[in-house]
Structures are given as C-alpha cells and as structure tokens.
Amino acid sequence: MILNHLDIDKIRKQFPVLDQQVYGKPLVYFDNAATTQKPLCVIERERDYYLHENCNIHRGVHYLSQMATEAYENARKTVAQFINARQPQEIVFTRGTTESLNLLATSLGQLLVGEGDKVVVSAMEHHSNMVPWQQMLFRSKGELLVIRMDKNGVLDLNHYEELLKQKPKIVSIAHISNTLGTVNPIKEMIAMAHKYDIPVIIDGAQSMAHQVIDVQDLDCDFYVFSGHKMYAPMGIGGLYGKMEWLEKMPPYQFGGEMVDKVSFEKTTFNKVPFKFEAGTPNVGAALGLETAVKFIQSFDRQEVEAYEDELLRYATEQLSGIEGMRFIGQAPKRNGLISFVIDGIHPYDLGTIIDKMGVAVRTGHHCAEPVMTFFGIPGTVRASFAMYNTKEEIDVFVKAVERAANMLR
Ligand code: PLP
C-alpha cells in the first residue's frame with residue numbers, strides 16, 4: 001500500500017526507540033548515516049522468525065528448514081526487485097557494505113588485478129571502500145589511483161578521465177559520501193569507465209534508504225549496501241553483481257554451503273550466489289531486511305526524497321546563522337546529511353555537549369580520514385536525517401549547537 005502523503009507522526013509511532021528521553025530531554029536522533037532506527041515491523045519479523053521458524057537453511061529436508069529456506073530465498077527476490085536486478089541470483093547476502101567490499105577486493109581482485117595493476121577510488125571514500133583495495137594492492141605491488149575532489153566536495157571528472165586512461169582494472173566509488181553528503185554522478189562515471197571496459201563498483205551504503213536504485217539503468221557492475229542503514233537489522237547487507245561477473249569470480253570464503261563436491265583431493269563449488277555464501281547466514285536478519293524493503297516501498301519514494309531534501313535545506317539554512325559555521329561539503333547535489341565545523345571549537349567537544357541536551361549526532365572523521373586531511377580538520381559534526389525526523393527536531397538541534405558553541409567559545 002502506498003500512502004498518499006507522509007504522516008510523520010504515524011511513521012514515528014513505528015519507531016518506539018525515538019520516543020524516549022536522554023538526560024531528561026526528548027531524544028533527537030540525527031545519527032542515521034551511522035545506522036537508522038528499526039520500525040516495529042522489522043523487529044517483529046525477526047522476532048517471529050526466532051519464535052516460529054528458526055532453522056538452518058538449504059540443508060534440512062524437514063518442514064522448518066524448508067520454510068526457512070523459502071523465506072530466505074524470497075528475501076533475496078524482494079531485494080533483487082527493489083534495486084531492479086535481472087534475477088535474484090545476482091544478490092549475494094553479506095554482513096553489509098564492508099564485507100561486500102572485502103569480498104570484491106579479494107575475489108574480483110584475484111580475477112582481474114595482476115602485479116603492478118591499478119584500481120581507482122575517489123578522494124571521498126569511506127575506509128571500507130579504500131583500505132581493502134589498498135591492502136590488496138600492497139600484495140600485488142599495484143597502485144591505488146584517487147579521483148581528486150574540489151573544496152566543495154565535488155569530484156573532478158576530468159581527472160577521473162585521465163585516471164581511466166591509465167587502464168585501471170577496477171573502479172570503486174561511493175554513490176553518496178558519508179562525510180560530505182555529495183551525490184556523485186555515478187551513472188555518468190559508470191559510462192565513462194565502460195568506454196575503457198573497466199568494471200565499476202558502487203558503494204551504496206548511504207543511498208539505499210534515500211534514493212531509488214535501479215542497477216540496470218545505472219549499468220553498474222556491482223552495487224553494495226548495508227541493511228542497518230536502511231531500517232533493517234544489523235549483520236545483513238548485500239552485494240549485487242552482474243551474473244557474468246559473479247560466475248567468473250572465485251569464491252571469497254570456503255566452508256559449508258558454498259561447495260558442490262568435496263574430497264580430500266579436490267573441491268568443486270556451488271553455483272552463484274551460494275558460491276559466495278559460505279557457512280550459516282543471518283537468516284533472521286535477511287527476513288528483517290526484506291521487511292525493511294517493503295517498509296520503504298510502502299511510501300511514495302519521491303515524496304520521501306523531497307521531504308528529506310527539505311530537512312537538509314532547512315537545517316543548512318538554520319545552522320548558517322551561527323557564528324564561525326563552516327560547512328564541509330557544499331556540492332550542489334547533496335543528500336541526507338550535513339557536516340560542519342565551527343571555528344575554534346573541536347567537533348568532539350560540541351558533540352559531547354549537545355548529547356547532554358538530548359541530541360545525537362556523529363563527531364569525528366566518520367571513517368574517512370583522508371577527507372579530513374584534505375580539509376585540514378580533525379573531524380566534523382555530522383547530522384544525518386531519516387524520514388522520521390522533523391523540522392522541530394532541527395530547531396532543537398540548532399539551538400543546542402548555538403548554546404554549546406557559546407559555552408565553548
Ligand atoms: N561505505 C559508506 C559510504 C558508509 O557510509 C559506510 C558506513 O558508514 C560503510 C561503507 C561501511 O558500512 P558497514 O559498516 O555497514 O559495513
């Protein structure tokens with residue numbers, strides 16, 4: 001069912017965690033880029049699984065095992081439809097974005113990256129989309145090429161084109177930066193790489209909850225994401241990959257489930273996606289993820305996006321009046337979050353004080369230390385929004401920032 005308009009009060013009722021006081025103040029939760037809260041339907045789905053359906057999957061002939069297997073494979077179908085994958089088998093369940101990227105650095109790396117080869121990432125990557133490539137390239141004596149960005153947090157596409165001319169083997173870039181909020185022009189960047197026959201991985205950790213993703217329209221080779229940033233439980237996420245790649249790629253981890261025939265001499269492997277799902281998966285969380293997808297789909301996505309954009313615009317406007325305010329990341333296309341520093345004030349001190357006023361934001365380098373080095377700052381204060389946040393909460397937040405800044409100046 002699609003709601004005609006967003007009823008934020010009704011939405012908030014589905015997130016009981018929001019309805020509490022911290023330090024005697026109503027909680028304002030603006031740390032959604034780190035993890036979103038979970039609606040009751042997701043919590044109940046996981047609980048129901050453990051109450052009535054818990055069983056290991058793909059292995060048993062008995063009733064419960066078959067039910068759990070069917071439910072898990074249905075979850076895969078739902079996720080595939082959500083991002084418009086060609087077939088459910090193109091979805092590999094993982095623990096989340098980090099595991100998906102490690103899988104790719106190991107497996108796709110093994111397939112494509114030889115000694116001295118290059119991989120392209122951007123200057124605004126989360127550590128998860130940088131360190132796995134860097135470590136893999138240390139071993140292969142290769143080179144990490146980094147797309148430059150400007151002071152607004154916009155990638156330099158001319159520089160990108162120059163890097164592509166160096167014939168890297170893989171491009172791996174964030175859809176939306178978790179520190180700057182920049183929405184990268186990934187469709188264009190994918191097409192640019194494809195002109196050189198280079199596969200592209202998109203880190204969608206920050207986009208799945210906020211934007212409509214169509215992997216066929218984007219034509220990305222891989223798209224990775226975390227459930228817990230899109231209203232689903234922790235410990236589940238995924239990797240979309242084009243079947244022709246997944247079939248060619250070697251397994252990432254070895255053990256039960258991912259094998260076909262095993263002897264002491266030789267092992268053959270299961271088909272995609274099971275080849276990449278060694279061991280017992282987090283079935284309950286996968287069912288929670290499916291419910292989270294359905295939860296997101298129950299709203300008009302354009303309306304949610306417009307609402308969240310309005311929250312961002314309003315927060316930017318309200319904060320800009322504060323003395324010494326410096327926004328980090330001013331790309332024309334931003335989504336979901338606002339990052340800033342205030343002259344002479346350490347972000348950590350500011351975050352700690354506003355926490356005592358009930359406001360939860362993230363402070364620090366947000367797992368993107370090179371971004372902080374680029375801007376010459378130790379960290380930022382980051383407020384990130386979800387569909388259940390309100391302008392009233394932004395007013396509380398802005399007042400808290402103002403008060404804290406006055407105390408610290
Ligand atoms: N990539 C981006 C852009 C992120 O924002 C995050 C988490 O904040 C990650 C990767 C890592 O996600 P996870 O910790 O869920 O694996």
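The structure presented is a predicted model; accordingly, all values stated were derived computationally and were not measured. Read the numbers this way: they start at 1 and go in the same order the structure lists the ligands and their atoms.
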Open item on the list: Quick check: do Lys391 and Gln318 have side-chain heavy atoms less than 4.5 Å from each other?
Closed with: no
Open item on the list: Contact between Ile394 and Phe30 at the side-chain level, heavy atoms closer than 4.5 Å - yes or no?
Closed with: yes
Task: Which segment of Ala174 sits under 4.0 Å of ligand 1 when only heavy atoms are counted - done: neither
Task: Region of Asp203 engaging ligand 1 - heavy atom pairs below 4.0 Å - done: side chain
Open item on the list: Please compare Thr98, Asn178, Thr94 and report which has the shortest non-hydrogen distance to atom 14 (O) of ligand 1.
Closed with: Thr98
Open item on the list: Just to be sure I'm reading this right: ignoring hydrogens, which of His126, Glu125, His366 gets closest to atom 9 (C) of ligand 1? Compare them by their nearest heavy atoms.
Closed with: His126
Numbered atoms and elements of ligand 1 in range of [X], under 4.0 angstrom, heavy atoms:
{"X": "Ser226", "result": "12 (O), 13 (P), 15 (O), 16 (O)"}
{"X": "Lys229", "result": "6 (C), 7 (C), 8 (O), 12 (O), 15 (O)"}
{"X": "Gln206", "result": "4 (C), 5 (O), 8 (O)"}

Open item on the list: Tell me whether ligand 1 is touched by Asn129 - counting only heavy atoms on the residue side and a distance under 4.0 Å.
Closed with: no
Task: ligand 1 contact by His228, heavy-atom criterion under 4.0 angstrom - done: yes
Open item on the list: Looking only at distances, can you tell me whether any N or O atom of Ser128, backbone or side chain, sits closer than 3.5 Å to an N or O atom of ligand 1?
Closed with: no
Task: N or O contact, Glu99 vs ligand 1, cut-off under 3.5 Å - done: no
Whether the [X] and [Y] side chains hold a donor-acceptor pair (N or O, under 3.5 Å, no angle test) is what I'd like checked.
{"X": "Thr380", "Y": "Ser339", "value": "yes"}
{"X": "Tyr314", "Y": "Asp395", "value": "yes"}
{"X": "Ser128", "Y": "Thr97", "value": "no"}
{"X": "His210", "Y": "Glu305", "value": "no"}

- [ ] Decide if the gap between the ring center of Phe295 and the ring center of Phe15 is smaller than 6.0 angstrom.
- [x] yes
TODO: Mark yes or no: Lys38 above the aromatic ring of Tyr231, with NZ or CZ under 6.0 Å from the six-membered ring centre and no more than 45 degrees from the axis.
DONE: no
